[in-house]
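Reading through the structure tokens given below for one structure.
Just so we're clear, the structure is a prediction, and the values are computed from it rather than from any experiment. Remember, it's 1-based here, ligands and their atoms both numbered in the order they're listed.
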Amino acid sequence: AAPLRDVVKGQDTFIGAALETRHLQDKQFAETLAREFNQLTPENEMKWSYLQPERGKFTFDKADKLVDFAQKNNMMVRGHALVWHIQNPDWLDNGDFSKEEMLKIMEEHITAVVSHYKGKVKYWDVVNEALDDNGGWRPTIWYKALGEDYIAKAFEFAHKADPDAILVYNDYSTEGKTPKANAAYRLVKKLKEQGVPIHGIGTQAHLVVGVQPRVADIAANIERIQELGLEFHFTEIDIRMQDPATDRMLQQQANMYEDLAKLTAYYDEVNFFTTWGISDKYSWIPHWFKGYDHGLMFDKQYKEKPAYTAVNKVFADK
Ligand code: G3I
């Protein structure tokens with residue numbers, strides 16, 4: 001089969017993958033990334049602890065390497081993530097800042113980062129995971145200091161720094177018909193109605209083989225987002241299974257990947273099909289979910305799995 005990025009040529013679809021700079025030292029990784037993908041997302045190195053380890057001290061060198069690789073290989077970069085509650089530096093997590101101070105700190109960070117990547121990073125996950133698993137407000141340092149308004153502020157700061165950037169709210173378990181998906185819909189609808197510069201919603205799609213959101217529910221989600229005039233992105237796809245992988249599980253995984261690819265191919269507003277890594281060799285999954293693995297389209301030897309073949313066929317047949 002032709003590489004994925006060639007198969008989607010002219011379809012206005014980003015086929016992406018997440019990575020760390022260290023992964024580029026693996027020749028097979030770098031080759032597969034450049035051959036198959038037209039978009040990349042820094043898995044960790046654009047998070048606060050990497051970009052602003054000390055207050056006022058910005059270190060862009062690692063993330064710049066990813067942006068350089070993308071530019072050399074004609075790939076789009078998705079920035080991840082301007083505001084989140086994990087991987088923040090100690091000075092931020094443990095600082096006892098006033099509401100005004102926290103707002104200033106947020107504005108400084110977003111302005112510095114978005115300005116630094118203006119013209120190089122077109123898409124930003126502006127706020128990541130503001131909702132808890134029941135669809136309520138996650139009690140993060142941002143929420144506790146600023147209330148729900150921190151979300152609108154983050155988008156406004158990003159837009160001011162780069163009016164051309166496409167700004168997205170990103171979360172997980174928001175694919176199908178869940179209380180959290182409804183809360184995410186209400187959130188972006190309200191932001192839109194307030195005139196906040198938001199352009200899309202990202203759903204991470206960290207899924208589990210055999211526990212699939214109904215395709216009709218995902219489609220319904222996409223359509224109500226479409227009605228708001230927003231884009232709908234699959235931002236962090238991986239579909240984990242229990243170790244050891246069996247042919248049956250790999251085929252079930254391929255079917256689930258195929259469904260997401262079909263939704264991407266069918267709806268114009270769905271223009272990101274990004275997997276959270278390339279090869280199972282470097283996936284976060286086994287470190288975070290004991291006994292689970294094999295979530296990506298390439299195995300640990302970079303061999304194409306049934307999921308890759310299924311996804312490639314969907315886009316080739318479009
Ligand atoms: O870089 C340090 C290393 O110096 C240290 O020796 C090592 C041991 O403590 O930790 C390393 O940092 C780890 C980092 O990944 C880089 O590998 C952190 O401990 C570890 O917590 C961090 O995990 C990342 C996780 O986000 C938490 O930030 C995962 O790689 C990354 O895949 C995951 O990605 C998130 C998205 O950003 C948001 N959506 C969910 C997704 C999965 O959790």
- Item | Candidate pair His294 and Met249, rule side-chain contact (heavy atoms from CB on, under 4.5 Å), full reasoning | CA-CA 10 Å; His294 316 294; Met249 300 276 263; over 6 Å; no
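The 4.0 Å heavy-atom shell around ligand 1 contains residues Glu20, Glu43, Asn44, Lys47, Tyr50, His80, Trp84, Ile86, Gln87, Asn128, Glu129, Gln204, His206, Glu236, Trp276, Trp284, Trp288, ordered by chain and number.
Between His199 and His159, the ring planes lie tilted relative to each other; the angle falls in the 30° to 60° range. Using cut-offs of 30° and 60° on the angle between ring planes, the pair Phe273 and Phe315 is perpendicular.
Within the 3.5 Å criterion, the main-chain N or O of Glu43 finds no donor-acceptor partner in the side chain of Thr41.
With Tyr150 as the aromatic partner, Lys144 does not meet the cation-pi criteria of under 6.0 angstrom to the ring centre and within 45 degrees of the ring axis. A cation-pi arrangement is absent between Arg78 and Phe14 under the rule of less than 6.0 angstrom and at most 45 degrees off the ring axis.
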